[in-house]
Number of protein chains: 2
Amino acid sequence: MARKPAEQTVHPDEIIRAAAVVFHRQGYHGATMADIAAEVKLTAGSLYHHFPGKEDLLLAVLDRGLAQITHDVRAVVESSDPSPAKLRQIVHIHIHSELEDSIIAAAVIFESRVLLNVPGVRDRYVSQRDTLENLYRRVIDVGIASGDFRAVDVGIFVKTLFGALNWVSVWYRQDGRLTEAEIADEITDTFLAALHTG
Amino acid sequence: MARKPAEQTVHPDEIIRAAAVVFHRQGYHGATMADIAAEVKLTAGSLYHHFPGKEDLLLAVLDRGLAQITHDVRAVVESSDPSPAKLRQIVHIHIHSELEDSIIAAAVIFESRVLLNVPGVRDRYVSQRDTLENLYRRVIDVGIASGDFRAVDVGIFVKTLFGALNWVSVWYRQDGRLTEAEIADEITDTFLAALHTG
DNA sequence: CCTATAATCAAATATAGATTTGATTATTCA
DNA sequence: TGAATAATCAAATCTATATTTGATTATAGG
């Protein structure tokens, strides 16, 4: 009788990614359902088979983006060895995630404000964001405690670092002077120098 | 016969500022002409007396925001004395301009992408942005040349600094833990430490 | 090979919101 | 004062686009 979900000609994940691409390119309001649909060779109407509406698409994008990057960063933070080295690792991961894995992260950065009015959503988003920020805080805290890092205001420091990292997706160019890894290293150098004791 | 422009019950500047506020709050596409009009007690239609259209409003906001902050930063850069002290000054000015004088700057940051497709506009915007960036570069360059600063990659460093500064408008809260000046100082400390030689 | 359901589409529907239009109400200056 | 024009408004227009609707097509399981 019933029938297993067919072999999803289009996987929901592909739609989320497509939405992220279009949101990033055109902004939430500037992105049309038709644009997103086109990205996966569907018509606008067909999207409604997979998602209840445009807002839910953005939600999914934000969720996914934050979850992804948080997952990656957590993996590093919770591995055994101590801190200064870790900071470099997570900056690399953050930038990589931002530029490659998920243009999603970039959409997150710029489009999250759109949903910040919807109350339930706001809470969820804020809590996810805090989780990520706390991972960074932990690394800095440990470094300060161990004497490896200067005693900065961790709250401001992390925001500062996030700002710098987020901004990368705005100015980064594939064909630019430096590679992604070189950029990540240079930025890490800056922040490690800033944390240098003495 | 003719008649001098009447005493502008509503000065164009007020409209630009209102537009900046609304763009910042709701994003370009999310801002309606009615929203902007309401901010200065007008009706949507009346705005067309002052500006040809919505896009021109954004243009004006960007122009004004960049011009303002560039003006302020230039004043410091072109004053006599040398560099390390200047960096602190311009960071203060930048943040102040961003938070108070012109929510405009914040709108600039987030909404500029919208216009980056319009060709003529793009060029103009990019050139204005470069002017501002170059002021920062100059300060860093001088510091490196004089041996006051470590020899960083100036291009990346300035982008990193901009990212951190721009991001402030996203997380800053009037009623937050620190004042605007304290935040500016903390951020300056971070970047000066990052430039510290040895 | 059927049948139920998923996946899709093309074509409506509905609505928001930018821009226009045609008055109406100041205001300056001659 | 009174023409000329600016500033404004309320209401009409027009367009884009999110969402719905009613088929049509494909596929998995029997």
Side-chain angles (χ1 to χ4, degrees), chain A residues 1-62 107 111 113-115 117-118 121, chain B residues 1-62 107 111 113-115 117-118 121:
Chain A
M1 36 174 67
R3 186 196 134 203
K4 271 239 219 75
E7 64 185 31
Q8 310 278 145
T9 340
V10 174
H11 192 69
D13 277 0
E14 298 175 51
I15 298 180
I16 295 178
R17 164 152 313 217
V21 170
V22 179
F23 286 151
H24 180 234
R25 186 168 62 218
Q26 312 173 12
Y28 177 75
H29 291 285
T32 74
M33 292 300 268
D35 293 333
I36 297 170
E39 204 79 12
V40 288
K41 317 246 194 249
L42 286 184
T43 61
S46 301
L47 289 182
Y48 291 83
H49 235 279
H50 306 277
F51 290 88
K54 189 179 174 185
E55 203 167 272
D56 305 86
L57 267 174
L58 179 54
L59 242 328
V61 168
L62 295 179
E111 302 312 326
R113 276 181 319 152
V114 172
L115 292 179
N117 299 335
V118 192
V121 173
Chain B
M1 34 172 69
R3 187 197 133 204
K4 269 237 217 79
E7 66 186 30
Q8 313 277 146
T9 342
V10 174
H11 193 69
D13 277 0
E14 298 175 53
I15 298 180
I16 295 178
R17 164 152 315 219
V21 170
V22 179
F23 286 151
H24 180 233
R25 186 169 61 218
Q26 304 165 211
Y28 177 75
H29 291 286
T32 74
M33 291 300 267
D35 293 333
I36 297 169
E39 203 80 12
V40 287
K41 317 245 194 249
L42 286 184
T43 61
S46 302
L47 288 182
Y48 290 83
H49 236 280
H50 305 277
F51 290 89
K54 191 179 173 185
E55 203 166 273
D56 305 87
L57 268 174
L58 178 55
L59 242 327
V61 168
L62 296 178
E111 303 311 325
R113 275 181 321 151
V114 172
L115 292 178
N117 300 334
V118 192
V121 171

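This structure is a prediction, so every number in the text was calculated from the model and none was measured. Throughout, a chain's letter reflects where its sequence line sits, starting with A, and its residues are numbered from 1.
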Are there any protein N/O atoms within less than 3.5 Å of an N/O atom in nucleotides 17-22 of chain D, and if so, which ones and at what distance?
{"unit_1": "D:dA18", "atom_1": "OP1", "unit_2": "A:Lys54", "atom_2": "NZ", "d": "3.3"}
{"unit_1": "D:dA18", "atom_1": "OP2", "unit_2": "A:Met33", "atom_2": "N", "d": "2.3"}
{"unit_1": "D:dT19", "atom_1": "OP2", "unit_2": "A:Tyr48", "atom_2": "OH", "d": "2.8"}
{"unit_1": "D:dT19", "atom_1": "OP2", "unit_2": "A:Lys54", "atom_2": "N", "d": "3.0"}
{"unit_1": "D:dT19", "atom_1": "O5'", "unit_2": "A:Tyr48", "atom_2": "OH", "d": "3.2"}

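Whole-Å rounding puts the B:Leu57 CG to C:dG17 P distance at 16 Å. Computed from coordinates, the B:Asp35 CG to C:dA18 C1' distance equals 12 Å when rounded to whole Å. We find that CG of B:Leu58 is positioned 15 Å from C1' of C:dA18, with the value rounded to whole Å. One can place CD1 of A:Ile15 at 11 Å from C1' of C:dA7, the figure rounded to the nearest angstrom. The NE2-C1' distance, from A:His50 to C:dC9, rounds to 12 Å in whole Å. Put simply, CZ on B:Phe51 is 16 Å from P on C:dT20, counting in whole angstrom units.
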- Dump the intermediate steps for side chain to side chain contact (heavy atoms under 4.5 Å, CB included) on A:Arg25 and A:Val22, then the final yes or no. CA-CA 5 Å; A:Arg25 186 168 62 218; A:Val22 179; 3.8 Å; yes

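Heavy atoms only, all atoms of each residue included: A:Tyr48 and A:Gly53 are closest at CE2-CA, 4.0 Å.
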Would you be so kind as to tabulate the donor-acceptor pairs closer than 3.5 Å made by side chains of residues 33-41 of chain A, with sequence neighbours excluded?
{"unit_1": "A:Asp35", "atom_1": "OD1", "unit_2": "A:Thr32", "atom_2": "OG1", "d": "3.3"}
{"unit_1": "A:Asp35", "atom_1": "OD2", "unit_2": "A:Thr32", "atom_2": "N", "d": "3.1"}
{"unit_1": "A:Asp35", "atom_1": "OD2", "unit_2": "A:Thr32", "atom_2": "OG1", "d": "3.1"}

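Remark: B:Lys54 is positioned above the aromatic ring of B:Tyr28, its terminal NZ or CZ atom under 6.0 angstrom from the ring centre and at most 45 degrees off the axis.
Side-chain contact between B:Ile16 and B:Phe51 is present, with at least one heavy-atom pair separated by less than 4.5 Å.
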